[in-house]
Amino acid sequence: QEAHEAIDFMLLDNKLGVQHNAGGARVVIEEFLAGEEASFIIMADGKNVAVMATSQDHKRLLDGDAGPNTGGMGAFSPTPAVTPEVERRVIDTIVSPVLDGMRRQGTPFRGFLYVGLMLTHDGPKVIEFNVRFGDPEAQAVLPRIEDSLALLLDAAAHDRLSSRAVRLTSDPTVALVLAAAGYPEAVHTGDSIQGLNDAGQLDDSDALVFHAGTSRLGNEFRTAGGRVLTVVGRGPRYEGAITAAYDAADRIAFAGKQCRRDIGRSALSLRLLKHYPSVHTLGFPLNATEKFGHETGSKLTVRNELRGHIEYNLNDAQSSKDIASAERFGSSGGLDAAGFGKESCRGPCCWGNEKRRQSRRQRARTPTAPRRQTSLHK
Ligand code: GLY
């Protein structure tokens, strides 16, 4: 049913602007790949590779990865899903063979190569290649680059790139797309945009506003496209970057503004999984990010039913030892170590959450307390 609707959307309704020519009318059926998506962007001079920051896009319109596909509603960089081991595999098994092949064919590739990845059970798989930086990944990655972008571009154009990682700030960034009313299907344009100056006047330049679908009439900005603005927040941790981004985005107003409220949340859960090795096998999170339950070796089950929603299920805790281990996981051993401490976490994932944590702890300590599924991060 979904496949039929997608074909009608693209070919009959021509919603993506695909022309009804021979190429546009062809449908390719591909293997379904399950796992965590990641964007891996490199710069090449035909031979050498400079690895840019990793990032992760949020393609669906609505929170919890619901709603229609879009050009991207937000991104964060880096993504904890791409560990150094995964990065090595991507370079060795994907990037280098592609560049070698193009060079052998007499068409060496110079420029940005965007590798859209699915991190599956069987390792990283390519979903798409783009020969550009990516949107909204570029807005998340550009503020992190410490090297001179102009010198990098010049080196790539003149076969002088050195194969190394581009120098980046360790501070993560979170990019929020503010989309127009009706996006992605029936975009409404011409709406007046308020609050841009206010959003740009946050302390310490922790927020940046990129224009995309805007037009200017004198001092007034109006919406002029589907994805209108991208607001980028940065901070020493993901939580700070999320807060900076939403603080700035919330100062901007236009009629029908659409903005997901959960951008960056999956970075928090992916980072958590890194601290839980039995879930985080083979260098990247497998089952736990595939929206299925995962048996961890004790009775404790870690689940990630929707990306960014980490739960542990005290129904599965059969003994006080299990509850104690759940407590450890939720305090010093896991969540706090991963940055979820009540003092450290100020992200939207955790707002109002401390109350729930306290009542969970209370219940776990009370012998007669019913064992219930308890959500840590909603
Ligand atoms: N964010 C996906 C792309 O730029 O293609």
Side-chain angles (χ1 to χ4, degrees), residues 6 9-10 15-18 23-24 28 30 33 35-44 51-82 86 90 94-95 98 109 111-120 124-145 149 153 166 168 172-180 183-185 187 208-213 225-233 241 245 249 258-260 262-267 270 289 307-308:
F9 177 83
M10 287 186 283
K15 283 284 167 63
L16 298 182
V18 176
V28 178
E30 296 181 335
L33 297 175
E36 195 67 34
E37 273 193 64
S39 306
F40 194 92
I41 301 163
I42 60 111
M43 195 187 260
V51 179
M52 293 280 162
T54 61
S55 51
Q56 200 160 328
D57 192 2
H58 298 63
K59 294 247 171 48
R60 298 276 177 171
L61 181 69
L62 304 174
D63 287 12
D65 289 333
N69 245 330
T70 70
M73 292 300 291
F76 57 84
S77 173
T79 171
V82 179
V86 174
V90 173
I94 298 169
V95 173
V98 165
F109 179 77
F112 289 110
L113 183 65
Y114 168 121
V115 188
L117 294 170
M118 185 70 85
L119 307 178
T120 74
K125 299 269 174 92
V126 176
I127 308 172
E128 60 176 341
F129 287 115
N130 294 313
V131 287
R132 55 185 166 80
F133 212 137
D135 176 6
E137 287 92 332
Q139 297 93 309
V141 170
L142 282 169
R144 300 191 56 225
I145 296 177
L149 186 63
L153 292 169
V166 169
L168 300 162
T173 49
V174 171
L176 313 176
V177 168
L178 309 189
Y183 178 78
E185 286 174 2
V187 175
L208 285 169
V209 181
F210 288 88
H211 286 242
R227 287 185 295 164
V228 177
L229 300 158
T230 306
V231 179
V232 182
Q258 301 189 77
C259 173
R260 274 180 62 161
D262 63 347
I263 305 295
R265 192 190 276 179
S266 53
L270 286 167
T289 56
R307 235 168 47 183

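Both counts, for ligands and for their atoms, begin at 1 and track the order of listing.
- Of all the atoms in ligand 1, the ones that sit under 4.0 Å from a non-hydrogen atom of Asp57 are 1 (N), 2 (C).
- Remark: among candidates Glu128, Glu37, Arg132, the nearest residue to atom 4 (O) of ligand 1 is Arg132, based on non-hydrogen atoms.
- Across every non-hydrogen atom of Ala75 and Ile263, the tightest pair is N-CG2, 3.8 Å.
- By the 4.5 Å heavy-atom criterion applied to side chains, Val51 and Val166 are not counted as neighbours.
- Of the listed residues (Glu37, Glu36, Gln56), just one forms a side-chain hydrogen bond (donor to acceptor under 3.5 Å, both in side chains) with Thr79, and that residue is Gln56.
- For the ligand labelled ligand 1, residue Tyr114 lies inside the 4.0 Å heavy-atom shell.
- The ligand atoms of ligand 1 that sit less than 4.0 angstrom from a heavy atom of Gly134 are 4 (O).
- The minimum heavy-atom distance linking Arg227 with Pro136 is given by the pair NH1-CD, 4.0 Å.
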